[in-house]
Amino acid sequence: MVFVNQQRVPRKRTYLMCPPEHFGVEYAINPWMDMSVPVDPDLAVKQWDRLRETLVGLGHTVHVLPAQPGLPDMVFAANGAFVVDGTVYGARFKHEQRTAEAAGHRAFYESQGWHFVAPTETNEGEGDFAYVPDAHGGLILAGYGFRTDPAAHAEAQEVLGRPVVSLRLVDPRFYHLDVALAALDDGNIVYFPGAFSVASQRVLAQLFPDAVLADDADVLAFGLNLVSDGYHVVLNSEATGLAHKLAAMGYQPVPVELTEVRKGGGSVKCCIAELRD
Ligand code: ARG
């Protein structure tokens, strides 16, 4: 066996998170949400704090967006916008239960002086958009099929000036792109092929021939819903198989427990938006 010792280099990031102070499963808009399963609110906050401290401990900057009562999914901060090259493409939620979250995100970006562009098309921010800066000169990968309208892919391309590749999601359990695909570093991704249409799988294979392919166990453990700085890969602690795979490739897995927000159908990545200037 040939063993290639790859040098992985972390890059400092800026993130936005929103505490689960008002988190709960009060409605069911994805197959993971079961209103009959109780959420432990104190544990939810504790686990979220741990996630935030982990990112800060790795040297990253974390901004905190105030949680709002009546918006139990606001903890999933990734859905509030998509930021590339200092431009913020705002979100427009599909479900009315989450619509009001977008204004909170917009207020944050505007107060911080970011260039904010309001969307006209339905899109759930980084839930359905990923950015790979060194792939093909800077590529946006975008999911559709459940939440984000494909018209938003074209809108994002116009707003952000980067090519957007549309990928069709076909399994309702993987209703957002970020539960089935993640950037591992500036040039490569990991994804679960079964979440995508056969044609979209071919597109991914063509664009990312060296991508890491995840299996059923990885995706069902929310392992793909990860945040990487290029070396440290923060991921759901249940995704042990994926953690081993990534460690063998020279990444440093950093497992975190997120049992409570997972009841809302999200994990690490869903809780974190990346602010790219
Ligand atoms: N309950 C939320 C919803 O269904 C979960 C969102 C998860 N966020 C994400 N980026 N995948 O909208």
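A quick note: this is a predicted structure, and the numbers were derived from the prediction, not measured. All ligand and atom numbering here is 1-based and tracks the order in the structure.
Heavy atoms of R98 found under 4.0 angstrom from ligand 1 belong exclusively to the side chain. With a heavy-atom cut-off of 4.0 Å, R147 touches ligand 1 through its side chain alone.
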message: Quick one, K245 with D218, criterion salt bridge (charged side-chain N to carboxylate O under 4.0 Å, His left out). Give me CA distance, side-chain angles, the key distance, then yes/no.
response: CA-CA 10 Å; K245 214 177 293 178; D218 300 331; 2.8 Å; yes

field: Step-by-step side chain to side chain contact (heavy atoms under 4.5 Å, CB included) determination, R50 to E257
entry: CA-CA 9 Å; R50 211 44 228 287; E257 270 185 36; over 6 Å; no

- request: Apply side chain to side chain contact (heavy atoms under 4.5 Å, CB included) to W48 and V75, showing your working.
  value: CA-CA 9 Å; W48 181 90; V75 65; 3.9 Å; yes

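Considering both main-chain and side-chain atoms, G264 comes within under 3.5 Å of ligand 1 through a nitrogen or oxygen pair. Looking at ligand 1, you won't find any N or O of N225 less than 3.5 Å from one of its N or O atoms. In terms of polar-atom proximity, E124 is not counted as a contact of ligand 1, lacking any N or O under 3.5 Å from an N or O of the ligand.
Residue-ligand proximity: Y175 is placed with a non-hydrogen atom under 4.0 Å from ligand 1. Judged by the shortest distance from any of its heavy atoms, K269 lies outside the 4.0 Å radius around the atoms of ligand 1.
When ring centroids are compared, H153 and Y144 come within the 6.0 Å threshold. Checked against the 6.0 Å centroid threshold, H63 and Y15 do not count as a close aromatic pair. Side-chain rings of Y175 and W32 stay apart, their centers remaining 6.0 Å or farther from each other.
Considering each of P31, C270, C271, the one bringing a non-hydrogen atom nearest atom 7 (C) of ligand 1 is C270.
Interface of D73 with ligand 1, defined as ligand atoms under 4.0 Å from a residue heavy atom, comprises 1 (N), 2 (C), 3 (C). Close approach of ligand 1 to I29 is summarised as follows: ligand atoms under 4.0 Å from at least one heavy atom of the residue are 3 (C), 4 (O), 12 (O). Proximity to G127 (heavy-atom distance under 4.0 Å) selects the following atoms of ligand 1: 10 (N). For ligand 1, the atoms lying closer than 4.0 Å to a non-hydrogen atom of M33 are 1 (N).
Relative to the six-membered ring of Y251, R8 meets both conditions, a distance below 6.0 Å and an angle of at most 45° to the axis.
Salt bridge K269/E126: present, at least one basic N to carboxylate O contact under 4.0 Å.
Classification of the Y191-F196 ring pair by plane angle, with boundaries at 30° and 60°, yields perpendicular.
Among protein heavy atoms, the minimum distance from atom 10 (N) of ligand 1 is reached at D178 OD2, 2.6 Å.
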